[in-house]
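Just so it is clear, the model here is predicted, and its values are computed rather than measured.
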Protein chains: 2
Amino acid sequence: MFFLKTLPSARMVEGYAGAHNVSAETIIDALTLMRRASQMIRRLESFFSSHGLSQLRFLFLIVIDREPDRDRLTVGEITDRLDVAGPVVARTLRVLEADGYVTSQKDEDDARTKQVRLTPKAHALLKRLLPDYFAILADEIERSK
Amino acid sequence: MFFLKTLPSARMVEGYAGAHNVSAETIIDALTLMRRASQMIRRLESFFSSHGLSQLRFLFLIVIDREPDRDRLTVGEITDRLDVAGPVVARTLRVLEADGYVTSQKDEDDARTKQVRLTPKAHALLKRLLPDYFAILADEIERSK
DNA sequence: TCCATTTATATATCATGCTATCTATCATGA
DNA sequence: TCATGATAGATAGCATGATATATAAATGGA
C-alpha cells in the first residue's frame, strides 16, 4: 500500500536533490501508479470485507478455481501462485477451512504434502462475487482515464 | 498489496461468468496496474528497511519536509496528508521520536494539538535517501515499458 | 457561567503481513 | 539399510495495518 494522499507537484519533485538524474515526470508517473493501485486495492478490500473475505482469501480460492484440468492444488502450489510468504498461506488455509470454503487432505503418495480443494460453498461464492469484482476493476480503470 | 504472481490470461478472464459486461482487456489492465504497483512497493519497502525505515515512516518525514513556508506540522495535519488511520500516525510518531527523527511539543495556543518537526538527523537522512528513492521509481517505470 | 458538544490525540485490541525456526517425511548414496 | 540432506508444511513471535473507544482541551449557546 502507498500512503500519500496528495502527490507532490513536478516542481516539488524537481526541488529535491537527486531528482536531476531522472525526469520529474517519470517520478510522478511512478507515484501516480502506486496511488491509483492503492485506491483500487482499498476499494477491493472493502468489497471483500463486506462479504466476509479478504483480497488474499479471495485470490487463494481463485488460484485453485482457475487451474485448468485440476480440481485441487497442494499448499506449495498455492504458495507458488500467491505473492505471500508460506506461513501466511498456512494460516489462510486454516481460516478458509474453518469457514467451510476449502477442504484439505494428505496426499496418499507423499504424506508431507496436502491437497486443497474448493467446496461447493466456495464455488457459489466466487460465482456471486466475480461480476462485482470485475465491475469494480473496470470502474477504477474508467474513472482514471 | 496485490498478491497474485501470475495474472490470468484474457481468455481466462473471459471464461469467468460476469466478465461479459466489461472487456477482458480492461480487467487485465487493472490487474496489471495493481501487480506493477505492488512490485514497486515491495522493492521500496525493502530499500527503506535496509535503512531502518519503512515507506510510511519515510512519507511521514517527507510530508513535513515538503511543506512550503513551514518547518512543523500538527499530528492532525500529518494525518490529513497520509492515507493511514489516526492511531497508526500516533504510533509512527512515537517510533520516529524514539529514533530521533522528529521532536514534538504541545502547541502553546491549543494544548490539544501537538507540533511535530524534523531533526537535523532526519534532514540528513532524507538528503541521503532521496536520490536512491527516485532511482528506484525511475527504474521500475523504465523496466515496464 | 457552565454543561453539552466538538475537536485533537492516544490507548486497547484485533487482523494479517513478515522472518526464523521446528517437525515430519522423503530421497539417496556409503 | 541407515545416516544425511532436502522438501513440505506448521508454529512462534514480531511489526504494523485497522476499528472502537477513551481522555483532555476548547467552544458555544442557555
Verify side-chain contact (heavy atoms from CB on, under 4.5 Å) between Arg42(A) and Asp83(B), making sure each step is shown before the conclusion.
CA-CA 10 Å; Arg42(A) 277 225 151 81; Asp83(B) 198 10; 2.8 Å; yes

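Following rounding to the nearest Å, Glu108(B) (CD) and dA25(D) (P) show an atom-to-atom distance of 16 Å. One atom, CD1 of Ile78(A), and another, P of dA8(D), lie 14 Å apart when rounded to the nearest Å. Between Asp107(A) atom CG and dA24(C) atom C1' there is a gap of 15 Å when expressed in whole angstrom units. Rounded to an integer number of Å, the gap from CG of Leu93(A) to P of dT11(D) is 10 Å. Rounding to whole angstrom units, CZ of residue Arg94(B) and C1' of dA10(C) are separated by 8 Å. Rounded to whole angstrom, the span from the NZ atom of Lys114(A) across to the P atom of dT23(C) amounts to 18 Å. Computed from coordinates, the Phe58(A) CZ to dT16(C) P distance equals 16 Å when rounded to whole Å. Between the CZ atom of Phe48(A) and the P atom of dT16(C) there is a distance of 14 Å, rounded to whole Å.
Of all the residues in residues 66-75 of chain B, not one reaches under 4.0 Å from DNA chain D with any non-hydrogen atom.
A side-chain donor from one of Ser23(A) and Thr26(A) sits under 3.5 Å from a side-chain acceptor of the other. Side-chain polar atoms of Arg36(B) and Ser144(B) form a donor-acceptor pair below 3.5 angstrom.
Taking the six-membered ring for Trp and the full ring otherwise, the centers of Tyr133(B) and Phe48(B) sit less than 6.0 Å from each other.
Checking side-chain atoms of Thr79(B) against main-chain N and O of Val75(B) turns up a donor-acceptor pair under 3.5 Å.
No side-chain heavy atom of Arg72(A) sits under 4.5 Å from any side-chain heavy atom of Val116(A).
Shown here is Glu97(A), whose CD atom has more than 12 heavy atoms of other residues, nucleotides or ligands within 6.0 Å. Dense packing is recorded around CD of Glu67(B), with more than 12 heavy atoms of other residues, nucleotides or ligands lying under 6.0 Å away.
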Sugar-phosphate means primed atoms, P, OP1 and OP2; the rest is base. With that split, encode nucleotides 13-24 of chain D 5' to 3' as B, S or - using protein heavy atoms under 4.0 Å.
---BBBBB----

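Salt-bridge formation is detected for the pair Arg43(A)/Asp139(A): a Lys NZ or Arg NE/NH1/NH2 atom is positioned less than 4.0 Å from an Asp or Glu carboxylate oxygen.
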